[in-house]
Each structure stands twice: as structure tokens, then as C-alpha cells.
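Quick notes on the structure that follows.
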Amino acid sequence: MDLFRKKPLTAPQSADGAKLSKTLGALDLTTLGVGAIIGTGIFVMTGVAAAEHAGPGLVLSFILAGFACVLSALCYSEFASTLPVSGSAYAYSYVAFGELLAWILGWDLVLEYGVAAAAVSSGWSGYFQGLLDGFGLHLPTALSGAYNADKDTYVNLPAMIIILLISYLLTRGVKETARFNAIMVVIKLSVVLLFIVTGFFYVKPENWTPFLPFGFHGVVNGAATVFFAYIGFDAISTAAEEVKRPQRDLPIGIISSLAICTVLYITVSLVLTGIVPYQSLNVSDPVSYALRFVDQNMIAGLISVGAIAGMTTVLLVMLFGQTRLLFAISRDGLLPKSWSKVSAKTHTPVRSTWMVGGLIAVLTGFVPLDRLANLTSIGTLFAFLVVSLGVIVLRRTHPNLKRGFTVPWVPYIPLLSAATCAYLMYNLGRETWIGFVIWLAVGLLIYFLYGYKNSKLNQK
């Protein structure tokens, strides 16, 4: 049994011979990245991370998490420009480490994208219902949240509806998806900048004292927590087969979107903790709350609209990444081949898109998943760690391979990236690790019962 057989460096074909349409450019990829990164992290998690972990030192948490992401982004950029195929870290590991680790990483990414989409849709529902409340409209309690007998809620109907609507959009074609995403990104960036400009005049420097109320350990814990805010730039690489000039555009999209979002996160966290004492920020809508705190209620309402737009784009890119990941794994035979069939009309994997959308809609509608951000973080960090090490391996096994982008100072940058990710993983809680290990165990069971014998490499 060869568990580490490697995939050759050849351009793949989908199960029915159809191809994904190459329509995306560098700007499309950058907006996809910003669409994925600016969302729940900036509109929801900033408050919790400041109140419970880092205080005003939250800015250092974002810098630390951003540093880890920059290192990983360099490694992703080399892989994406060298192997422009769907599947992201899964596809890279298949070439660098072999099938078993590729499957583990692919299964890990299924967790990352799926749980992230479910958790974000729950947050989207909360903001949407708050917006309805502002117009005097109220959903029946039974339809306002996932099952919770104590609160008399049974199904989170808004969360289910937004997942299904986005699934429909994804089936219409990647260019239509990118166009809608760009519009939403413009809206939410405008709102974030509005918060920064307005909030600047209400900053009280004394709110930044003490700057590290929980010590540096709190900053590290905060970085591990807010790492959830950065997930998404890796989803850009799942679009590799739909990019017109992948060797040039993928590195630009990955690095530029990460740079834009890191600057915004740092600025927002400084303004936020400067307006409101950090102890008061443990609320579900900290950015809107900060403006209400200084009696800017009208602008706070606009922030809510921006938050809805922000989380909509996060959902869009997470579901996009999930469908392209399953497309790649299915094409390799490790999952049912029908999941990699592409529509001749829209050039999208329609069947797997509806399957993913339906499953996540059911989960987010009936199961309380809004507290699983750390499970998504550990999955993302694990993927970043493996990709970082994969750069070193591929440099040694394929030194003459044409690369559109190269990581500087190999192996030092990839090793530093891997070590930073491992350190942040270590600082996540025991419950998160238990959930992660259980998920991987289930994945191994599926691989040995189905994936290994159905793998295309097993059929050669």
C-alpha cells in the first residue's frame, strides 16, 4: 500500500472533459481576497478579542497574526504561480508530500471552509435581524436562531436563505460571482473607512492605558483568536484554474489583498479601543457599538449595512473555495466523481455547489455553530504550516521547475512561517484540539474505506 504516491506535475482535466473558464484577473483576485478577509473578523471578533484577550494590545495581536499570514502568503504565492490548479493547499501537498497528507490537508480545508461559512452566516443573520429591527420588522422567535430550547428558537431562517442564495449565484458563473463580490467589497470598504474617519475624532488616548492588561500572553492568545479574521486569502488559490495569467496574477492577488486588510485591521483596532474602554467591547457588534457609544447612531446604522455586505462576501468566497476544493479532490478520485462534473453552460461545478450549499444551510439553520471560530483557525494554521514546508520540499525535488514567483531566503522564510503557525496552534484551547483530531480521524476512515482504492493514481 503506497500511501505517499505523488501526483505528477500535469494539467488536470475534470471528470467529463470540460474545463473551468479562465476569466479572472489580478483585480478580481484582490477583491476576492478582500471579500474573504474583511467580514466577521473586523465587525464581530475585534470586540471579543480586545475584551477577553488583548485589551488595547489587540493591535499587536493583528500584527502578529498578519505577520504569520504574510509569511504563509509568500509560500502560497510560489505554489499558486507554479501549480495553477484548483485545490489550493490540497493540490500542492499532493505534489510535494504524496496522497495521504494531501487527503488529510484537503479534509482539513473542508472543515475550514465549511465551518467558517456556517459561523459567518450565523453572524450575518444577527446583523440582518438587527437591521430589520431598526425598521420595526421582527422575525418570529422560532425562526430567528438555531435550535435552543431555552430561547425558544428552532431554525435560523435568514442564515439558511443567504447560504442558498449565494449557492445559486455561484452556479451562474465565476465572472458573475466576481462582479457581485466587487460591488459588495466597495460597499464594505467605504463603511470601514467611514468608521475610521468618524471614530478618529472621538479617540481618547487614556483608553489605551494599560496597553497590555493581560500581558504579552494575552496578545498571543488574541492573535490565535483573531487569526480567524485572516482566513480567506488562501481561498484565492482555489480559483487558480479560472485565472487568465496565474503566474502573474495569483501572487498579486494574494499579497495585495492581505496587505490591504492587515492595514485596515490594525487601524480599526486602534480606533475601536481608543473610543471605547476595552472592558466594554464584549458585544456582538463592536464597531457599530463604538459609534453608538459616542452618539453617532446614524453612522452606526450604516456600519450595520457594511457589516452585512462584508459578511456576504466572506460567505461567497468561503463557499467558492469549498466547491473548488471538492471539485479537485473528486477529480482525483478520492471523493465521488460526480462532484467534479462541470456545467457546459456556466463552466461551474453545479452539482457540488448545491450539495455544499444545502449541507451548510442545514447545519447553520439548525445547529449553533457561531462559536467554532477557533476550530476554523486551527484548520487554517495547519494548512499554512504544511504549505510552508512544501515549498522547501518542492525546491529540492523539482529545483528546475518554472516558478512565476519565488519565496526569498528559502528555507528560512518557510521555516519561520511554519514555526509561527505551529506556535499559534499551540495557543489554541484543548477543546479546539480535540475537535480537530476527531475531524481528522473521520477523514482517515473515509480515505481508507473509499479514497485509496478509488484514487486515479491507484488505477494506473
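FYI, the numbering just counts along the sequence from 1.
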Rounded to the nearest 0.5 Å, how far does CD of Glu112 lie from OG of Ser377? 9.0 Å
Is there a donor-acceptor pair under 3.5 Å between the side chain of Thr153 and the backbone N or O of Ala146? yes
Test Glu52 against Phe214 for side chain to side chain contact (heavy atoms under 4.5 Å, CB included), laying out the working first. CA-CA 9 Å; Glu52 297 185 356; Phe214 303 99; over 6 Å; no
Can you tell me if Glu431 has over 12 outside heavy atoms packed within less than 6.0 Å of its CD? no
Between OG on residue Ser121 and CE on residue Met160, distance to nearest 0.5 Å: 10.0 Å
Any donor-acceptor pair under 3.5 Å linking the side-chain atoms of Asp332 with those of Tyr90? yes
If the test is side-chain contact (heavy atoms from CB on, under 4.5 Å), which one of Val219, Thr46, Asn221 qualifies with Ser61? Val219
Can you check salt bridge (Lys or Arg N to Asp or Glu O under 4.0 Å) on Glu242 and Arg324, steps first, answer last? CA-CA 10 Å; Glu242 294 156 280; Arg324 271 40 180 188; 2.9 Å; yes
Report yes or no: do Ser72 and Ser417 form a side-chain donor-acceptor pair below 3.5 Å? yes
Quick check: do Ser88 and Tyr76 have side-chain heavy atoms less than 4.5 Å from each other? yes
Is the shortest side-chain heavy-atom distance between Thr313 and Lys188 below 4.5 Å? yes
Closest heavy-atom pair, Gly306 versus Val191, reported as atoms and distance to 0.1 Å, is CA-CG2, 3.7 Å
Do you know which two heavy atoms are closest between Val387 and Phe79, and how far apart they sit? O-CE1, 3.4 Å
Got a second to check how far Thr171's OG1 is from Lys345's NZ, nearest 0.5 Å? 10.0 Å
Does the pair Phe384 and Thr420 meet the rule for a side chain to side chain contact (heavy atoms under 4.5 Å, CB included), with working shown? CA-CA 10 Å; Phe384 290 180; Thr420 304; over 6 Å; no
Test log, rule side chain to side chain contact (heavy atoms under 4.5 Å, CB included), inputs Thr312 and Leu316: CA-CA 6 Å; Thr312 300; Leu316 183 71; 5.7 Å; no
So, Thr141 and Asp152: side-chain donor and acceptor under 3.5 Å apart, yes or no? no
Side-chain touch Phe327/Val342, heavy atoms, less than 4.5 angstrom: yes
Is the side chain of Asp249 donor-acceptor paired with the backbone N or O of Lys244 at a distance under 3.5 Å, no angle test? no
List the steps, then state whether side chain to side chain contact (heavy atoms under 4.5 Å, CB included) holds for Ile275 with Asn207. CA-CA 7 Å; Ile275 297 174; Asn207 286 332; 5.7 Å; no
Shortest non-hydrogen contact from Ala50 to Leu281? CB-CD1, 4.1 Å
Has Trp208 got a side-chain atom pairing as donor or acceptor with Leu270's backbone, closer than 3.5 angstrom? yes
Rounded distance (nearest 0.5 Å) linking atom CG of Leu326 with atom OG of Ser340: 10.5 Å
Test your reading of the model: is there a side-chain donor-acceptor pair from Gln129 to the backbone of Ser144, 3.5 Å cut-off? yes
Can you name the residues that form a side-chain contact (heavy atoms from CB on, under 4.5 Å) with Tyr426, not counting sequence neighbours? none
For Phe195, is there any backbone N or O sitting under 3.5 Å from a side-chain donor or acceptor partner on Thr198? no
Within a strict 4.5 Å, meaning less than it, do heavy atoms of the Tyr113 and Thr380 side chains meet? no
Identify which one of Leu132, Val305, Asp285 satisfies the side-chain contact (heavy atoms from CB on, under 4.5 Å) criterion when paired with Tyr127. Asp285
Which distance, rounded to the nearest 0.5 Å, do you find between the SG of Cys261 and the CD1 of Ile38? 4.0 Å
Any donor-acceptor pair under 3.5 Å from Lys22 side chain to Glu241 backbone: yes
Within-4.5 Å side-chain heavy-atom neighbours: Cys69 and Thr262: no
Do Tyr265 and Ile63 make a side-chain contact, defined as non-hydrogen atoms from C-beta onward lying under 4.5 Å apart? no
Among side-chain atoms of Thr82 and Glu78, is any donor-acceptor pair under 3.5 angstrom? no
4.5 Å side-chain heavy-atom contact, Leu29 and Val243: yes
Do Thr364 and Ser122 get their side chains close enough for a donor-acceptor pair, meaning under 3.5 Å? no
Residues Val226 and Ala65: closest non-hydrogen pair is CG2-CB, 4.2 Å
With distance as the sole test, does Asn156 use its side chain to make a donor-acceptor pair with the main-chain N or O of Gly365 at under 3.5 Å? no
Is any side-chain heavy atom of Ser77 closer than 4.5 Å to one of Ile255? yes
Salt bridge present between Asp28 and Lys175 (N-O < 4.0 angstrom): yes
For the student: nearest non-hydrogen atoms of Ile303 and Ser288, plus distance: CG2-OG, 3.2 Å
Is the backbone of Ile446 close enough, under 3.5 Å, to the side chain of Trp103 for a donor and an acceptor to pair up by distance? no
What is the distance from atom CG of Leu359 to atom CH2 of Trp354, rounded to the nearest 0.5 Å? 14.0 Å
Centroid-centroid distance, Phe366 to Tyr147, less than 6.0 Å: no
Sorted by chain and number, sequence neighbours left out, ring-ring contact (aromatic ring centres under 6.0 Å, His included) with Phe436 holds for Phe382
Expected output: side-chain Trp107 to main-chain Trp439 donor-acceptor under 3.5 Å: yes
No-hydrogen, no-angle side-chain donor-acceptor test under 3.5 Å, Ser256 and Thr30: yes
Without swapping roles, check the side chain of Asn427 against the backbone of Tyr423 for a donor-acceptor pair under 3.5 Å. yes
Nearest heavy-atom pair of Ala117 and Leu319: which atoms, and what distance? CB-CD2, 4.3 Å
